[in-house]
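Each remark here refers to the structure printed beneath this line.
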Protein chains: 2
Amino acid sequence: MAEGQQKTGTTRIQARNREAILTAALEVFSTFGFRGSTLDQIADVAGLSKPNMLYYFGSKDAIHAELLAGLLDTWLDPLRALDPKGDPVAEIIAYVHRKLEISRLYPRESRLFANEILQGAPRIMSALEGELKALVDEKAAVLKLWADERRIAPLPPHHLIFSIWALTQHYADFDVQVRAVLGEGHDPFAEADAFLDTLFRKLLAP
Amino acid sequence: MAEGQQKTGTTRIQARNREAILTAALEVFSTFGFRGSTLDQIADVAGLSKPNMLYYFGSKDAIHAELLAGLLDTWLDPLRALDPKGDPVAEIIAYVHRKLEISRLYPRESRLFANEILQGAPRIMSALEGELKALVDEKAAVLKLWADERRIAPLPPHHLIFSIWALTQHYADFDVQVRAVLGEGHDPFAEADAFLDTLFRKLLAP
DNA sequence: TGCCGATTTGACCATCTGGTTGAAATTGCG
DNA sequence: CGCAATTTCAACCAGATGGTCAAATCGGCA
């Protein structure tokens, strides 16, 4: 129940184990989904016994919740960085590259998120309707302004953002399909980086 | 073991029940994933008892396999219809609209497929590397020819196809997120239809 | 109508799974 | 070193889950 770490926390072991558990859980949850994952599986990957793991996180849900909680911020940061005062095309293109880079570096996080959304976002719906919608609306307003000023092509701002999400996350979430179709001798993310650069430059040109 | 329907199959009841089971299983599997779904759940949705359901399909895996088997064809048909002798831009745009229409009409199938890919495609990897890759390579060659002839912009054909998949499936697989962000008073698919039309026309313009 | 295979089901089973417990091992610290 | 707090885990538990089976019911046809 208690989290430990009252007064002088035995931070050494606690930090290491909590980290190991979350890393293992991310690996397992992102591959098999919440219900498809078992505590034994996670404990095994984390190198702990199941009771020991439950000593740090009280339940399977608690582990999953902790992962999801950290996720949305990581997810939104690249969009937050989109600067209304910057050059429109450059800002948007930079956002595309940042998002693709995140797909490349954190595919497990991407798949965890995808799993959650696919199942109807039961645990983060409120965050979608709140935090996410607010940020997107704010940035969409910026995009609309840029469009009105003829600095980018006139496009529905929300769908422009969706297209960035769809195209970048596809390379993380559908990685196995991309690789299966491309076959050997390809670097999917490098190729995607160039392709998406071209795509959005053509799309945004006024 | 036997499929029934030897000689004069009692096709009436068999057909109805198999259909009910597959429909229910699609609904449940696409929402909760394979391991996240239970036979009781599926049987309940199908309006049958669990043993009765297992009378028609020997196991949970058998039901899932049957669904996946039918899926790939439905998935590839729109791409097959891309005509090398047609007008390049018109053919590709038509493909985009067909694919989006399928996302709209068959979101459950889309999510079932997405679930499978997300988990590493353990059950359809061979189909991806075989049937799917073959078809994509064939159509990619057509796209490359069109590009070489300057009838469309020069773009990496495989990634062009990926972009169509990513953008259309996004509206099915991430439907709840799209709706959460857009809020009330939107018709996501209608807006997507117009947006993707614009996007690909600009992208493909030589 | 009565027969026979097709269909349906209640009861049951072995295994898996999330979670608990109590006691032992380890650790940090005065 | 000694000891209290922290950490670890073998053994266990209750409920869920995939699957089985024998018996009951149904449906069409001779």
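Lettering of chains follows the sequences in order, A, B, ..., and the numbering in each one begins at 1.
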**Prompt:** Nearest-Å distance, CZ (B:R16) to P (D:dG27)?
**Reply:** 9 Å
**Prompt:** Atom CZ of A:R18 to atom P of D:dT8: distance rounded to whole Å?
**Reply:** 13 Å
**Asked** In whole angstrom, what separates B:M53's CE from D:dT20's P?
**Response** 13 Å
**Fill in**
For residues 41-54 of chain A, the salt bridge (Lys or Arg N to Asp or Glu O under 4.0 Å) pairs (sequence neighbours left out) are A:D40-A:K50
**Asked** Just by protein heavy atoms under 4.0 Å, how would nucleotides 12-25 of chain C read 5' to 3' in B, S and -?
**Response** -----SBBBB----
**Request:** Kindly write out the residues that satisfy salt bridge (charged side-chain N to carboxylate O under 4.0 Å, His left out) with A:E27, not counting sequence neighbours, or none if the list is empty.
**Result:** A:R108
**Asked** Which whole-number value in Å describes the distance from A:N17 CG to C:dT26 C1'?
**Response** 13 Å
**Prompt:** Less than 6.0 Å separating the ring centroids of B:H159 and A:Y171?
**Reply:** yes
**Message:** Suppose we screen for salt bridge (charged side-chain N to carboxylate O under 4.0 Å, His left out). Which residues come up paired with B:E19, at least two apart in sequence or across chains?
**Reply:** none
**Request:** Would you please confirm or rule out a distance under 4.0 Å between OP1 or OP2 of D:dT7 and any side-chain N or O of A:Y55?
**Result:** yes
**Prompt:** Are A:R35 and B:F34 in a cation-pi contact, defined as NZ or CZ under 6.0 Å from the six-membered ring centre and within 45° of the axis?
**Reply:** no
**Prompt:** Are OP1 or OP2 of D:dC9 and a side-chain N or O of A:N52 less than 4.0 angstrom apart?
**Reply:** yes
**Asked** Can you tell which of A:R104, A:K99, A:H97 makes a side-chain hydrogen bond (donor to acceptor under 3.5 Å, both in side chains) with A:E101?
**Response** A:R104
**Complete:** From CZ of A:F57 across to C1' of D:dT7 the rounded distance in Å is 15 Å
**Item:** Of all pairs that satisfy ring-ring contact (aromatic ring centres under 6.0 Å, His included), the ones with a partner from residues 116-144 of chain B, not counting sequence neighbours
**Value:** none
**Prompt:** Do the side-chain N or O atoms of B:Q14 get closer than 4.0 angstrom to the phosphate oxygens (OP1, OP2) of C:dA6?
**Reply:** no
**Request:** Could you label the plane-to-plane angle of the B:H170 and A:F162 rings as parallel, tilted or perpendicular, counting under 30° as parallel and over 60° as perpendicular?
**Result:** tilted
**Prompt:** Is the shortest side-chain N/O distance from B:Y56 to OP1 or OP2 of C:dT8 below 4.0 Å?
**Reply:** yes
**Asked** Hey, where does DNA chain D pair up into stems, meaning at least three consecutive Watson-Crick or G-U pairs with distances under 3.5 Å?
**Response** C:1-30 with D:1-30
**Request:** Examine A:R80 relative to A:Y95 and say whether NZ or CZ is less than 6.0 Å from the centre of the six-membered ring and inside a 45° cone about the ring axis.
**Result:** no
